[in-house]
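To start, the structure under review is shown below, and the notes come after it.
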Amino acid sequence: MSSKIMSKQVEDVEVAATLTDKPHVTLLQKQFPTPEAIRLIPEALARKYNAIPVEVRGGTLLIAIANPADIFALEALAAKSRMRIEPHRASRDEIREAIDRNYQAYDEIEKQVSSITLPKDAAEELARQDAAQDAPVAQAFSLIIEEAVKARASDVHFQPQEDKLQIRFRIDGTLQNTMSLPAAMSIPLVSRMKILANMNIADHHHTQDGQFSFKMKGRKVDVRVGTIPTVCGEMAVLRLLDKSRSNLQLAELGFLPDMLKKYQKMLEIPYGMILVSGPTGAGKTTTLYASVNCINHLERNVITIEDPVEYRFRNINQIQVNTRAGLDFSTGLRAILRLDPDVILVGEIRDAETAKIAIQGALTGHLVLSSIHANDAFTVVSRLLDLGIEPFLVSSALIGVVAQRMVRRVCPYCTHREDIPLIERLAYTKETGEEETEFSVGKGCQACADTGYQGRTGIFELLQVNDEIRALLINGADIADVRAKSIERGMVPLIKDGMLKVKAGITTPAEVLRNTNLGD
């Protein structure tokens with residue numbers, strides 16, 4: 001490109017920047033990038049300058065950029081696209097999300113896979129030889145993981161079938177089919193992840209687990225690997241651990257203001273037990289970690305025992321369960337009590353012995369935090385009684401119980417008001433006492449992969465064990481009576497908390513009913 005043409009383009013860029021540098025203009029909230037525009041600017045350049053091409057209009061390329069006055073960035077974008085640039089201001093977070101959403105590497109994955117020659121019985125041998133980072137199998141595997149991270153996936157499923165290898169991402173708690181690869185790619189890809197996770201590459205007949213880390217554009221991602229043999233080959237699931245979740249504060253989890261204040265006061269009590277309940281995937285570990293973040297680590301000795309240790313904390317002593325070495329929750333918890341702890345976090349109460357030791361720790365001057373599988377806050381009490389804990393011990397040790405679920409948020413880019421089925425309206429009215437005909441729902445768009453939802457938040461119920469509740473427990477009252485008394489005293493049940501978030505336009509009645517098991 002000649003210097004004269006470049007000079008003219010820079011002048012045009014300067015004029016455009018002056019005209020469009022408005023503090024509240026966000027192009028990405030109005031429209032999504034078109035494939036034609038995306039092809040003009042490579043991903044590396046977009047990330048370097050915090051800019052993303054949005055649309056081509058004649059000879060002009062509309063760009064959303066964090067700093068519309070960055071002439072060097074605009075000049076580089078103009079030179080690459082060979083078009084006049086019209087910059088519009090957008091936040092760095094919006095641009096980063098748009099880049100992750102629009103620059104997908106599926107074509108590159110297919111290119112890497114197509115370059116691999118797979119003799120019918122030599123797939124495993126190829127995987128052994130193909131360990132270099134720049135080898136096709138390694139490149140394809142890395143690209144799949146990168147796409148999963150960009151898509152905000154929590155898990156990646158490699159599911160072998162007779163005629164293909166199905167790859168699925170779990171996004172916002174829901175599995176989505178992402179891509180299909182030739183069935184012969186199953187062994188090389190699974191072998192690749194076994195190499196990274198220091199697993200036995202030759203063993204296809206036993207379950208295995210491991211972990212590894214990799215860096216993606218300067219960001220470290222921890223990955224847990226689990227494999228199991230199926231009739232079509234080895235199935236593998238990767239759990240992607242987002243380190244940012246370890247730094248979440250309680251206020252970011254979705255607690256309503258009044259409930260948040262009550263829970264924070266519970267955490268200030270120096271000894272006793274606080275339990276978090278819910279099914280797998282309900283966000284219990286995230287709540288426990290956010291609770292630990294509220295505690296002064298410098299003045300208190302905080303020790304955790306977890307299976308596995310998902311996130312690392314500074315100034316906290318974390319212990320990994322190791323059953324082969326005889327270190328399980330009960331033996332580890334018993335040892336922790338001899339290490340002068342102030343706060344103990346037990347990853348999960350699974351058996352009677354662990355429950356008894358945790359209760360003992362709570363009664364002897366320690367604050368014990370743990371999770372337990374139960375449907376709601378009140379069945380936690382029943383669960384402890386079923387494990388053989390005496391009612392007077394439960395009532396003496398228990399400070400409170402949090403029951404929770406995760407619900408998907410309505411996509412902010414395609415939300416609109418519309419009518420919903422009668423049963424959902426009736427459920428909303430029953431919990432809130434208000435009648436509504438239209439609710440916030442997502443139409444489905446590029447930003448949410450046509451699901452109508454983007455991101456998740458928690459819904460909660462909080463049982464506070466006060467003197468009245470203790471008296472009921474000691475006297476052997478029915479759990480239904482405990483529930484009635486708690487609600488009478490102002491406790492917000494799980495489903496009502498969800499419907500209050502529906503009222504705020506955060507989620508939908510269908511999503512609340514689906515996750516509280518009351519939608520049938």
Side-chain angles (χ1 to χ4, degrees), residues 1-112 134 139 142-143 145-152 215-219 221 411-414 445-449 454:
M1 184 179 293
S2 70
S3 59
K4 184 176 181 181
I5 295 175
M6 176 62 72
S7 176
K8 178 66 171 66
Q9 285 197 336
V10 171
E11 290 176 6
D12 289 342
V13 161
E14 290 175 347
V15 172
T18 303
L19 292 174
T20 60
D21 187 14
K22 299 176 182 178
H24 301 296
V25 172
T26 304
L27 187 62
L28 291 172
Q29 291 180 345
K30 298 178 181 179
Q31 62 190 99
F32 296 108
T34 65
E36 179 189 11
I38 290 294
R39 283 193 291 268
L40 293 173
I41 302 295
E43 180 181 358
L45 202 62
R47 290 189 183 278
K48 178 179 180 180
Y49 293 117
N50 290 300
I52 184 168
V54 178
E55 186 183 15
V56 176
R57 292 180 183 172
T60 300
L61 178 62
L62 274 65
I63 292 272
I65 186 168
N67 181 12
D70 186 347
I71 298 301
F72 294 105
L74 300 179
E75 180 179 340
L77 295 169
K80 185 64 181 178
S81 64
R82 295 180 175 272
M83 302 186 76
R84 180 180 183 271
I85 300 297
E86 182 180 316
H88 292 254
R89 183 188 296 279
S91 73
R92 290 178 181 271
D93 289 341
E94 285 178 314
I95 292 170
R96 191 178 303 112
E97 288 179 9
I99 291 173
D100 288 345
R101 198 164 56 236
N102 288 277
Y103 285 96
Q104 296 182 333
Y106 300 146
D107 291 342
E108 182 62 24
I109 292 171
E110 292 180 0
K111 178 182 175 182
Q112 293 290 344
D134 58 349
Q139 286 285 347
S142 296
L143 289 169
I145 303 305
E146 287 183 13
E147 286 305 304
V149 172
K150 285 159 57 174
R152 300 179 296 105
K215 286 189 176 181
M216 173 185 165
K217 299 177 175 63
R219 175 183 176 186
V221 180
C411 175
Y413 296 99
C414 62
C445 64
Q446 182 184 344
C448 61
Q454 189 184 63

Less than 3.5 Å apart, any donor N or O on the side chain of Gln139 or Ser142 sitting next to an acceptor on the other? no

Can you confirm whether Ser81 sits close enough to Pro53 that some side-chain heavy atom of one is under 4.5 Å from a side-chain heavy atom of the other? no

Spatial distance of atom CD1 (Ile65) from atom CZ (Arg92) [nearest 0.5 Å]: 9.5 Å

Does Glu97 reach the main-chain N or O of Glu94 with its side chain, forming a donor-acceptor pair under 3.5 Å? no

Separation of Leu61 CG from Ile85 CD1 (nearest 0.5 Å): 4.5 Å

Determine the minimum heavy-atom distance between Pro68 and His88, stating which atoms define it. CG-C, 4.3 Å

Search all heavy atoms of Ala46 against all heavy atoms of Tyr103 and return the closest pair with its distance. CB-OH, 3.9 Å

Given Ile95 and Tyr49, is the side chain to side chain contact (heavy atoms under 4.5 Å, CB included) satisfied, shown in steps? CA-CA 10 Å; Ile95 292 170; Tyr49 293 117; over 6 Å; no

Measure across Gln454 and Cys448 and return the closest heavy-atom pair with its distance rounded to 0.1 Å. CB-CB, 4.5 Å

Any heavy-atom pair between the side chains of Leu45 and Lys80 that's under 4.5 Å? yes

CZ (Phe72) and CG (Asn67) are apart, to the nearest 0.5 Å, by 12.0 Å

Non-hydrogen atoms of Arg89 and Ala66 that approach each other most closely: NH1-O, 3.6 Å

Side chain to side chain contact (heavy atoms under 4.5 Å, CB included) evaluation trace for Val56 with Leu40: CA-CA 10 Å; Val56 176; Leu40 293 173; 3.7 Å; yes

So CZ of Arg57 and OG1 of Thr34: to nearest 0.5 Å the spacing works out to 10.5 Å

Hey, could you give me the CD1/NZ distance between Ile99 and Lys150, rounded to the nearest 0.5 Å? 9.5 Å

Between Glu55 and Pro33, is any pair of side-chain heavy atoms under 4.5 Å apart? no

Any salt bridge linking Arg47 with Glu43? Criterion: basic side-chain nitrogen under 4.0 Å from a carboxylate oxygen. yes

Value for CG (Leu62) from CD1 (Ile52), rounded to nearest 0.5 Å, stands at 12.5 Å

